[in-house]
Amino acid sequence: MSDARTTKAEHIRHILETEGAAIEQNTQGFNDGRYESVADLEDYEGLKREAREIKEDAIERLPELLDDLREAVEANGGTLYLADDAADANEYVRQVVDDADGERVVKSKSMTTEELELNTVLETDGVDVVETDLGEWVLQLADEAPSHIVAPAIHKSRESIAALFEARFDPDQSLESAEELTRFARERLGEQLADADVGVTGANFVTADSGTMALVTSEGNARKTVAATDVHVAVAGVEKVVPTVEDLAPFLELIGRSGTGQDITSYVSLLTPPVGSPTLDFAADERGTPDDREFHLVLVDNGRLAMRQDDDLRETLYCIRCSACSNACANFQQVGGHVFGGETYSGGIATGWEAGVEGTDVAAEFNDLCTGCSRCVNACPVGIDIPWINTVVRDRINRGDVDADEGAVEWLVEGLTPDADPSGVDVQKRLFGNFGTVARLGSATAPLSNWVADTDVARALAERFVGIDRRRDLPQFQRETFREWVSARDGLALADAERTVVLFPDLYTNHVQVERGKAAVRTLEALGVAVQVPDVTASGRAPLSQGMIATARERAEAVAEALVPHVEAGYDIVVIEPSDHALFQREYEKLLDEPSHEALAANSYELLEYVYGLLANGADADELADGDGERVAYHSHCQQRTLGVERYTEAVLDERDFDVVTSDAECCGMAGSFGYKQEYYDVSVAVGEDLTAQFRTEETADRAVVASGTSCLDQLEDLLERPSRHPIELLAPE
Amino acid sequence: MTTDTTDAAGRDRVLGRFRDRLDDFDVSHTTVDPDGVSDAVEAVLEPPAIGVDLPEGRGELPPGVTTVWSPADLRGAATGVTPASLGIADYGSLVLPTTADGVEPVSLFADRHVAVVAEDDVVGGMASALARLGDRFRADRGSAIVATGPSATADMGALVQGAHGPKAVHAIIVRS
Ligand code: SF4
């Protein structure tokens with residue numbers, strides 16, 4: 001096992017070194033572009049909702065829409081073939097090419113044909129298959145796999161492409177600039193397009209009412225692929241069908257903006273094939289009539305219809321492959337699809353696609369790269385809960401994954417880990433998933449536990465047996481827990497308070513970040529609020545992030561049992577750890593019955609959100625510490641940003657006269673246990689360095705570092721070597 | 001989203017937005033009366049030029065543009081002149097119908113594309129464009145390309161205008 005971790009770590013390091021820079025620059029450019037482009041829309045959220053509804057309806061009515069579509073395509077003079085799997089689809093296309101005496105097939109970019117491995121099949125028949133998308137062509141020449149679902153050669157620099165062309169073609173003039181490379185490729189591919197027999201395209205959408213397909217492109221190669229060949233084969237997944245032409249509107253407005261940050265791509269081909277353009281015979285220099293054209297639409301099942309029946313994977317079928325989830329993902333920004341990807345698809349949603357199309361074993365290879373930070377959730381134009389799909393698949397992997405090698409150390413963790421999940425769970429996941437037990441033990445034996453954990457021997461053992469990277473400092477457990485501190489003191493009496501809240505003593509606050517808990521209590525009391533601290537600390541976040549859903553559900557139920565009565569008694573719930581607050585708001589929906597989730601979601605507040613509310617409702621801000629212009633650099637938590645609650649922290653700090661600069665990194669890269677794991681340490685640090693670079697500028701280097709999440713605090717301290725605190729520690733009165 | 005209205009002020013707004021968006025996407029443009037189309041085309045074309053006849057009332061192509069062309073002419077042309085059936089104000093898009101006389105290849109192969117669109121055919125947003133196209137596609141199984149700006153690629157390490165399709169696009173907007 002530890003060998004597997006080392007191999008993975010080495011692979012990741014290699015990709016970081018060779019491809020990381022190009023991927024980072026491009027994906028971050030796309031991601032910034034997305035923010036800018038969607039900001040211009042009058043009703044972005046409305047469009048997303050509309051797109052989501054169309055997809056939900058289309059997948060629901062898929063069998064009926066496929067019937068309508070068949071009728072339309074046949075009435076247009078084309079054929080529709082529904083292929084069960086890759087072999088079936090490939091056989092059909094191979095037959096079409098054979099019937100056309102096709103010697104050369106030109107292709108425009110299609111992920112689905114990558115999934116089918118159509119090129120290999122056609123090449124076996126001796127057909128010359130030419131990818132005409134410039135990025136795909138580069139990869140075909142280099143014999144490499146796509147690293148991004150929209151920009152497949154995103155990992156290649158201009159220099160490496162120039163070297164590739166040089167080696168392959170030995171051109172008369174040396175090629176250097178992007179213009180020269182493009183011109184060269186256009187000319188070469190132009191010749192190949194001119195004497196191609198069959199054109200294969202994908203389809204981004206297909207409308208059932210008219211048999212129209214939409215192809216979203218920029219280069220013009222898809223247009224040429226269709227225009228220059230007499231036989232057009234379009235290959236797409238069955239999930240691409242939408243009811244009507246009019247339904248395309250929200251997708252066409254969203255797809256480019258969400259993906260590469262373009263308001264719209266250069267070309268959206270709306271084709272109702274066979275198309276009405278003349279055929280072009282370049283060899284004989286003759287034009288034919290549109291009647292000479294032939295069209296085949298191949299819609300592929302290959303696992304999709306089973307996904308449609310799967311309550312957790314179904315959402316994957318709404319995906320329009322825009323790539324927003326890849327670009328918004330801090331991990332993907334560092335490593336790209338060669339690490340964070342499967343056979344065909346990459347990024348967060350690839351877990352759903354690969355699990356459905358290839359199987360959970362393929363998804364298992366990269367699924368850990370999703371840390372559940374949730375930054376993709378708001379970016380997805382069809383509102384797919386991508387982190388949840390990753391969690392569910394991780395859970396399935398855990399259940400199917402009994403790795404014999406781990407038996408030896410299983411006992412070690414087993415004793416610590418009273419979870420409800422099956423024994424197949426990887427020992428490392430099990431340890432992190434049971435952080436609650438570890439933390440309790442850690443506090444009970446502190447400071448000894450911290451000293452032991454800090455020794456080289458312990459670090460080496462932890463790395464060897466459970467894959468905790470030895471370069472990481474482990475959490476420093478506090479001997480006196482937050483709850484012990486609370487029960488030993490006389491707080492503001494209920495009778496003297498204007499209101500009472502229940503402050504959730506999350507595991508980190510209770511055992512590690514005890515000071516922020518104390519500060520929270522002092523702050524709330526200063527604002528006239530009595531604080532009760534319940535006897536429940538484990539939210540379920542830790543097991544959930546390891547895909548241990550059964551354990552997470554047990555924890556969630558225990559939390560609900562402890563907190564819902566307080567809600568019913570009219571108390572608000574205040575949460576310090578942003579990842580737990582997000583859990584109450586978002587994931588508990590999946591873990592609890594509806595009334596319990598609603599009670600907790602509607603009545604729980606992130607700490608600074610609550611403080612903001614108190615001040616807005618007349619509490620005296622002067623009770624809080626005066627910033628007196630203190631310069632701080634603030635990093636909000638990823639899940640806090642997804643919920644849009646980070647602004648309250650900024651507002652309260654601002655109100656108390658702190659001078660705040662906020663980072664705009666999507667995530668700190670620590671993400672709970674992720675950054676501790678040996679195989680992911682390098683990715684975690686690479687992500688973290690994008691963040692810390694923002695706190696090392698001339699403007700920020702001398703600022704006090706403030707962060708809301710435990711993980712973020714750990715990461716910032718590790719990398720910046722400056723102390724970092726939760727914002728409440730700045731605001732709390734002495 | 002630009003709303004479609006029929007009153008004069010509303011039309012001006014739609015056309016103003018269309019021109020602004022053409023600018024945003026690097027599409028140069030001129031606005032002329034039907035009898036000015038020929039000169040306007042002449043002014044922007046680079047020979048050899050091929051073209052597709054314009055519909056009734058949208059003006060004429062200048063003599064330098066031949067509408068009788070072979071695949072070899074197509075590959076050799078420096079300019080392609082075609083009608084566009086719609087303009088979409090919000091995106092500065094030109095909607096190019098696929099027709100038997102070859103709007104699709106003529107607008108695609110040459111380095112420069114000149115599109116002639118009638119003011120009356122400029123709609124506000126994507127939804128109104130698709131409403132029109134939906135009716136058309138269902139009725140006569142037509143196809144169209146929504147073309148916005150020149151062809152482009154970022155696959156060669158930097159953004160390049162002019163990938164497989166035109167490098168430059170010029171729109172001629174014909175007053176009604
Ligand atoms: S899951 Fe959503 S964001 Fe990701 S590629 Fe699909 S549609 Fe785009």
key: Distance-only side-chain donor-acceptor flag, B:Thr79 / B:Glu46, under 3.5 Å   = no
message = As an exercise: rank B:Gly157, B:Ser93, B:Ala152 by heavy-atom pairs under 4.5 Å with chain A and give me the winner.
response = B:Ala152
ask   = With a 4.5 Å heavy-atom cut-off, do A:Leu270 and A:Val245 have their side chains touching?
value = no
request  = Measure distances from A:Glu191 to the heavy atoms of chain B and classify the residue's part below 4.5 Å as side chain, backbone, both or neither.
outcome  = both
remark   = Between A:Ser269 and B:Ile145 the two heavy atoms that sit nearest each other are OG-CD1, 3.5 Å
query = Relative to the ring of A:His232, is the ring of A:Phe295 parallel (under 30°), tilted (30 to 60°) or perpendicular (over 60°)?
reply = tilted
ask   = Of the backbone (N, CA, C, O) and the side chain (C-beta and beyond), which part of B:Ser128 lies under 4.5 Å from a heavy atom of chain A, both, or neither?
value = neither
inquiry  = So which residue, A:Ile161, A:Leu271, A:Leu181, A:Asn221, ends up with the most heavy-atom pairs under 4.5 Å with chain B?
reply    = A:Asn221
ask   = Between B:Arg75 and B:Phe109, is NZ or CZ placed under 6.0 angstrom from the six-membered ring centre and within 45° of the ring axis?
value = no
task = Count the heavy-atom pairs under 4.5 Å between each of A:Ser210, A:Gly220, A:Pro278, A:Pro290 and chain B, then report the option with the highest count.
result = A:Pro278
Per-residue contact mode, A:Thr265 against chain B (heavy atom under 4.5 angstrom) = backbone
inquiry  = Pairing donors with acceptors under 3.5 angstrom, does anything connect the side chains of A:Asn327 and A:Thr27?
reply    = no
request  = Check the pair B:His113, B:Leu96 against side-chain contact (heavy atoms from CB on, under 4.5 Å), reporting the backbone distance first and the verdict last.
outcome  = CA-CA 11 Å; B:His113 173 219; B:Leu96 311 169; 3.7 Å; yes
note = If one checks every heavy atom of A:Glu179 against chain B at 4.5 Å, the contacting part turns out to be both
ask   = Does a donor on one side chain sit under 3.5 Å from an acceptor on the other, for B:Ser107 and A:Arg223?
value = yes
inquiry  = Other residues, nucleotides and ligands only: do more than 12 of their heavy atoms fall within 6.0 Å of CD on A:Glu71?
reply    = no
ask   = Taking side chain as C-beta onward, heavy atoms only, is A:Leu193 less than 4.5 Å from A:Phe282?
value = no
task = Could you check which of A:Thr132, A:Leu41, A:Val138, A:Thr260 has the highest count of heavy-atom pairs closer than 4.5 Å to chain B?
result = A:Thr132
Check ion pair A:Asp230-A:Arg293 (N to O, under 4.0 angstrom) = no
inquiry  = Is there a side-chain contact between A:Pro171 and A:Phe184 in this structure, where contact means two heavy atoms from C-beta onward sitting under 4.5 Å apart?
reply    = yes
task = Please tell me if the side chains of B:Leu86 and B:Val122 come closer than 4.5 Å, counting only heavy atoms from C-beta onward.
result = no
task = Answer yes or no: does atom CD of A:Glu176 have more than 12 heavy-atom neighbours from other residues, nucleotides or ligands under 6.0 Å?
result = no
query = Of the non-hydrogen atoms in B:Ile50 and B:Ala77, which two are nearest, and what is the gap between them?
reply = CG1-CB, 3.8 Å
query = Is it true that A:Glu53 and A:Arg49 have a side-chain N and a carboxylate O under 4.0 angstrom from each other?
reply = no
inquiry  = Taking A:Glu180 first and then A:Arg183, would you say they form a salt bridge - that is, a charged N and a carboxylate O separated by under 4.0 Å?
reply    = no
ask   = In terms of heavy-atom pairs under 4.5 Å, which option from A:Glu136, A:Arg186, A:Glu253, A:Met213 contacts chain B the most?
value = A:Arg186
inquiry  = I need the residue from A:Ala227, A:Gly135, A:Ser277 with the largest number of non-hydrogen atom pairs under 4.5 Å to chain B.
reply    = A:Ser277
inquiry  = Can you confirm whether B:Val114 sits close enough to B:Thr82 that some side-chain heavy atom of one is under 4.5 Å from a side-chain heavy atom of the other?
reply    = no
query = Going through the distances and angles, do B:Leu94 and B:Val117 end up as a side-chain contact (heavy atoms from CB on, under 4.5 Å)?
reply = CA-CA 8 Å; B:Leu94 296 158; B:Val117 63; 4.1 Å; yes
inquiry  = Please identify, among B:Ala158, B:Gly162, B:Gly102, B:Ala72, the residue contributing the most non-hydrogen atom pairs under 4.5 Å to chain A.
reply    = B:Ala72
query = Do any of residues 30-43 of chain B have a heavy atom less than 4.5 Å from a heavy atom of chain A, and if so, which, in residue order?
reply = none
ask   = With a 4.5 Å heavy-atom cut-off, do A:Ser108 and A:Glu219 have their side chains touching?
value = no
query = What part of B:Arg21 is in contact with chain A, defined as an atom under 4.5 angstrom from a non-hydrogen atom: side chain, backbone, both or neither?
reply = side chain
request  = Look at B:Asp90, B:Leu133, B:Asp111, B:Asp135 and state which one has the largest set of heavy-atom pairs under 4.5 Å with chain A.
outcome  = B:Asp111
task = Can you check whether anything in residues 148-158 of chain A gets within less than 4.5 Å of chain B, heavy-atom wise, and list it by number?
result = A:Arg158
task = Answer yes or no: is there a side-chain heavy-atom contact under 4.5 Å between A:Val206 and A:Thr212?
result = no
message = One pair to check against side-chain contact (heavy atoms from CB on, under 4.5 Å): B:Glu119 and B:Phe18. What are the steps and the verdict?
response = CA-CA 10 Å; B:Glu119 264 189 352; B:Phe18 183 52; over 6 Å; no
request  = Can you check whether anything in residues 51-71 of chain B gets within less than 4.5 Å of chain A, heavy-atom wise, and list it by number?
outcome  = B:Thr67, B:Trp69, B:Ser70, B:Pro71
request  = Flag the one option from A:Thr289, A:Asp291, A:Leu280 with the top tally of heavy-atom pairs under 4.5 Å to chain B.
outcome  = A:Leu280
message = With a 4.5 Å cut-off on side-chain heavy atoms, are A:Phe169 and A:Leu141 touching?
response = yes
message = Report, in residue-number order, which members of residues 163-176 of chain B are under 4.5 Å from chain A by heavy-atom distance.
response = B:Ala163, B:His164, B:Gly165, B:Pro166, B:Lys167
The single option from A:Asp209, A:Thr272, A:Thr207 passing side chain to side chain donor-acceptor pair (under 3.5 Å) against B:Arg138 = A:Asp209
request  = Pick one of side chain, backbone, both or neither for A:Asp43, based on which atoms fall under 4.5 Å of a heavy atom in chain B.
outcome  = neither
